[in-house]
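All remarks here apply to the structure that follows.
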Amino acid sequence: MANASHSGGPDPEAEARNRSRSLADRIAEAKRDTLVSEASANFRQREMTGMGRAFRFAAEFVAAILVGAGIGYGIDLLLGTRPWAMIVLLLLGFAAGVLNVMRAAAELNADASVGTASEGALPDDDDD
Amino acid sequence: MSEKAIEPIHQFNIVKYFTFGNFGGNGTEGSGFEIAFTNSALFMLLTLLTISAFLILSTRGRGLVPGRMQLMAEMVYEFVANMVRSSAGTEGMRFFPFVFSLFMFILVANFFGMVPYFFTVTSHIIVTAFLAVLVFLVVVIYGFMRNGLSFLKLFVPPGIPWFIIWLVVPIEIISFLSRPLSHSLRLWGNMLAGHIVLKVFGGMVVALLGAGAWGVVAILPFGMAVALTGLEFLVAALQAFVFAVLTCVYLNDAIHPGH
């Protein structure tokens, strides 16, 4: 992409070298991208099976509620405030469960759109 | 014998082969902590030996043009490396050995479970919970090591007004703490449920075959068992992949907590 803007330079040898290097880069990049997208598309399509998705959401949701209730119970035991911390943290756990499910759904949706569009999402690995 | 065939939980029994001895306790029966070599331990050991043998033997030639076995090993490597790179960034590659070990262990253990009469290591929650807690501790410890206290920014999403923040932070903390639970529940639940269902349909075939003329109907659960076996192979590979991908996603949080 960068070599087009430098074409005004008078050194044809450097330009050729530059071009061949960028060609090699592009080949390597294309190879890597096809490997990634092949492998992940292969698996992601299968992850789209209804049962897998359902199990993922169920686990995310239940886990947060259980953790919330558990923490609340622990606080109750420590402070002797029998039902209150557990009630509050159970509700917070419920909210966290909804948050988890929302995040998981967003992730799966993003994966699905990467699988179909497959452009733009892959090259920017390390700049954020 | 027929009783054993219809009991679908029997396959998860832990059998002690020999014991290394009793630690702690006061000498009376049942006290202390017994460390025994069980069938679970045997299959973990077999898993490790299989992985080691596969990787060592297949990469022994180190040919520039890989043979079949070397190609397989390289493909597994590339697959996991790309997964780590795309989910956790280039910096996540320092955790490549960790993710690769987890992936291979779960994959091979799951596939071992598909062999008849073999024990499924990952169908016990203590195993999957240990793996998930290991990932969790790596994330927490590395997160604090790399980012210091700014790792806690993970719990404070940007752009939240101050009067909601006190509600959002506990929710984020619970969400974070629930990760090892859901991480382990998913793998364990899939393996346990799959193997129980397989055994139930297998048991139905046996029971129907023993019922005289009704034995003809046995073809129905038999077909189901065949289909489910295929599905279970898929689930075995898929759950290993999902476990590894989520490990990468969690590691990404440790490396870039600012999201």
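Note: hydrogens, waters and symmetry copies are ignored here, and every other heavy atom, side chains too, is used. Naming convention: chains lettered A, B, ... in sequence-line order (proteins, then strands); numbering from 1 in each chain. Since the structure is predicted, the reported quantities are computational estimates derived from the model, not experimental observations.
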Worksheet item: Where do A/E60 and B/R179 land on the salt bridge (Lys or Arg N to Asp or Glu O under 4.0 Å) test, with the steps shown first?
Response: CA-CA 8 Å; A/E60 298 277 7; B/R179 278 173 176 185; over 6 Å; no
Discussion item. Ignoring hydrogens and geometry beyond distance, is a side-chain donor-acceptor pair present between A/N100 and B/S182 at under 3.5 Å?
Written reply: no
Fill in: Heavy-atom neighbours of A/F94 CZ exceed 12 at 6.0 Å
no
Worksheet, complete the sentence: If you tally heavy-atom pairs under 4.5 Å between each of B/V235, B/N190, B/L177 and chain A, the highest tally belongs to B/N190
Fill in: Minimum-distance pair of heavy atoms, taken over all atoms of B/S178 and A/V67
CA-CG2, 3.6 Å
Worksheet item: How close do A/A96 and B/I174 get, heavy atom to heavy atom, and via which atoms?
Response: CB-CG2, 3.8 Å
Discussion item. So for A/L99, is it side chain, backbone, both, or neither that comes closer than 4.5 Å to the heavy atoms of chain B?
Written reply: side chain
Practice prompt. Measure distances from A/I65 to the heavy atoms of chain B and classify the residue's part below 4.5 Å as side chain, backbone, both or neither.
Written response: neither
Item to complete: State whether the number of non-hydrogen atoms from other residues, nucleotides or ligands found under 6.0 Å of A/Y73 atom OH is greater than 12.
Response: no
Worksheet item: Given a strict heavy-atom distance threshold of 4.5 Å, which part of B/V168 is in contact with chain A: side chain, backbone, both, or neither?
Response: neither
Worksheet entry | More than 12 heavy atoms of other groups within 6.0 Å of B/M75 CE | no
Practice prompt. Tell me, with the steps shown, if A/R56 and B/L246 meet side chain to side chain contact (heavy atoms under 4.5 Å, CB included).
Written response: CA-CA 11 Å; A/R56 168 119 201 247; B/L246 284 173; 3.6 Å; yes
Discussion item. Is it the case that over 12 heavy atoms from other parts of the model lie below 6.0 angstrom from the CG atom of A/L79?
Written reply: yes
Discussion item. Looking at every non-hydrogen atom in both residues, tell me the closest pair between A/F55 and B/L185 and how far apart they are.
Written reply: CE2-O, 4.1 Å
